[in-house]
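Comments concern the structure below.
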Amino acid sequence: MNDLSSDVDVAVIGAGAAGIGAARRLGEAGSVSVLVLEARDRVGGRVHTISPAGFPLDRGAEWLHSADRNPLSPIAQNLGFSVHRRPPEWTTRLRRSGETVEAEADWIATREAQDRSRRRAAAAPVDRPLASLLEPGGRWNQLLDASSSWGNGAELDRVSVKDYVRYENSGTNWRLGEGYGRLFATLAEGLPVALEAPVSRVDHRGRTIRLDTARGAVTAARVIVTVPTSIISGEIVRFDPPLPEKVAAATGLPLGVDDKLFISLDNAFPGVEHNMFLVGSTTRRETMSYQVRPLDRPAIYCFLGGRFAAGLEREGEAAMFSFAAEELTRLFGNGVRRHIAPLAATAWLHDPWARGSYSYALPGHADDRAVLAAPVDDRLFFAGEACSPNFFSTAHGAYLSGITAADAALASLSAR
Ligand SMILES: Cc1cc2nc3c(=O)[nH]c(=O)nc-3n(C[C@H](O)[C@H](O)[C@H](O)COP(=O)(O)OP(=O)(O)OC[C@H]3O[C@@H](n4cnc5c(N)ncnc54)[C@H](O)[C@@H]3O)c2cc1C
């Protein structure tokens, strides 16, 4: 691995969605030298497409959320990616999990009522956890908690109401046939990215900023930090002088845990619809959500979150598969067992350069996103999904935050 020692106008730490967004914007400006320092041996970070069975699987981000407002939708279309617009039926079709049509309607009404009380509660001066809004002993409390573990990566007792309602969701969700990770890999082509170059220290005492990397020291006039909050709160990247307000903000915005298990489902298994969404259980917090034959593929995508996912990550892929196989047997009958086999599983909490899936705010910490995103001395800029005020936890939020940070870095350079 060659030594990277060099001096650039702008160094970007991390080549995930935010780092790619930032580097592309800096590249478009044309007038500045740029180097992106990435710890992994690949770009994309928490957006990563693999193909273990001949069709693409997104280990991380899969959906273009708020697709009608998502800047990556037109970019993907212009690049010739196939955009699938079929809306997902997330946690709506409970009849597929053994509930009656009436019970399903009651669940949907409860969910809508929860949403209204979350919005009301967010307007109060004091923040509180989402769990405080549950009806004591409510019939759907376990499923509401499981849904939070999928949506927020954490159970309701961990999540700030104020932050939760700041998330903007247009309700339109699209997918790319080739994979979201493939889009970011394409967007990173030609960018000046140094792989396997983890940054351990940002020394901003002098006139130029010095970055210590595993491949030598890089100096830069401006730095854009796009690493996950876990890397800042865990001080895997250290600042000198220290930035306690950033460490505190990152600690208030921990990464939740969400994982995916991909299972093959051979086409000989009869009787299940294609592109079907369903939940494993409507009465247990520890359950998975399933997409069966998504995009007509011979597969089941299983999604799990929160403490449950953290526990199964520790136990390993075989335990994940065994849990899913049990639930699928309850849903589809014993016959399904002969037709399924594990394909791949993620372990984002144990991934050393992610340490989780996406950020949520602890109760009382909704304003930490603005603290995290604020520049330091007009020389150190911060981006990444956790810095987004309204699209946090998403790939497009990360991408847009990278562009914002790049524009701020460019403006500060031209003011020199
Ligand atoms: C299971 C799962 C499902 C998801 N589903 C969706 C979805 O459907 N739609 C959606 O929009 N979003 C989804 N997300 C969230 C989305 O993937 C993230 O919000 C987004 O990709 C974060 O981008 P980022 O650039 O902020 O961070 P990252 O992607 O984490 O990028 C940061 C980069 O910094 C690197 N890095 C870390 N430490 C160092 C260091 N010390 N030195 C140098 N480099 C370092 C990392 O390797 C990484 O490449 C999902 C995530 C997961 C895990």
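Numbering of ligands and ligand atoms starts at 1, following listing order. Everything quoted here is computed from the prediction, not taken from an experiment.
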- Does Ser73 have any side-chain hydrogen bond (donor to acceptor under 3.5 Å, both in side chains) partners at least two apart in sequence or in another chain, and if so, which? none
- Task: Quickly, which of Ile224, Thr226, Val202 forms a side-chain contact (heavy atoms from CB on, under 4.5 Å) with Ile13? Name it, please.
- Result: Val202
- Item | Residue Arg238 excluded, over 12 heavy atoms near CZ under 6.0 Å | no
Can you sort out which atoms of ligand 1 are near [X], meaning under 4.0 Å from one of its heavy atoms?
X	result
Ala18	25 (O)
Gly384	26 (O)
Gly45	29 (O), 48 (C), 49 (O)
Arg40	46 (C), 47 (O), 49 (O)
Leu37	43 (C), 44 (N)
Val237	41 (N)
Thr226	32 (C)
Val227	36 (N), 37 (C), 38 (N), 39 (C), 45 (C)

Among side-chain atoms of [X] and [Y], is any donor-acceptor pair under 3.5 angstrom?
X	Y	value
Asp212	Ser200	no
Ser359	Arg369	yes
Thr49	Glu178	no
Tyr290	Glu327	yes
Asp258	Tyr358	yes
Asp127	Ser160	yes

Within the structure, does [X] bring an N/O atom to less than 3.5 angstrom of an N/O atom in ligand 1?
X	value
Glu385	yes
Asp258	no
His396	no
Trp63	yes
Trp348	no
Ile231	no
Pro198	no

Hey, is [X] close enough to [Y] for a salt bridge, meaning N to O under 4.0 Å?
X	Y	result
Glu273	Arg93	no
Asp115	Arg119	yes
Glu28	Arg25	yes
Asp157	Arg307	yes

- Item | Any donor-acceptor N/O pair, Lys162 side chain to Arg128 backbone, under 3.5 Å | no
Where is the nearest protein heavy atom to [atom]: which residue, which atom, and how far?
atom	result
atom 30 (O) of ligand 1	Arg46 NE, 2.7 Å
atom 51 (C) of ligand 1	Tyr358 CD2, 3.3 Å
atom 44 (N) of ligand 1	Ala39 N, 3.2 Å
atom 53 (C) of ligand 1	Ser357 CB, 3.4 Å
atom 21 (O) of ligand 1	Val47 CG2, 3.1 Å

Out of [options], whose heavy atom sits nearest [atom]?
atom	options	answer
atom 48 (C) of ligand 1	Glu38, Arg238, Arg59, His48	Glu38
atom 20 (C) of ligand 1	Gly16, Ala395, Gly397	Ala395
atom 42 (N) of ligand 1	Leu64, Val199, Val36	Val199
atom 14 (N) of ligand 1	Gly14, Ala61, Ala398	Ala61

- Message: Taking only non-hydrogen atoms of Gly356, do any sit less than 4.0 angstrom from ligand 1?
- Response: no
If we set the cut-off at 4.0 Å for heavy atoms, which region of [X] has an atom near ligand 1: side chain, backbone, both, or neither?
X	value
Ser393	backbone
Ile13	side chain
Trp353	both

- Query: Can you name the closest pair of heavy atoms from Leu328 and Ile263 and give their distance?
  - Reply: CD1-CD1, 4.1 Å
Pair up each side-chain donor or acceptor in residues 181-188 with any protein partner under 3.5 Å, not counting sequence neighbours, and list the distances.
from, atom 1, to, atom 2, distance (Å)
Thr186, OG1, Arg182, O, 2.8

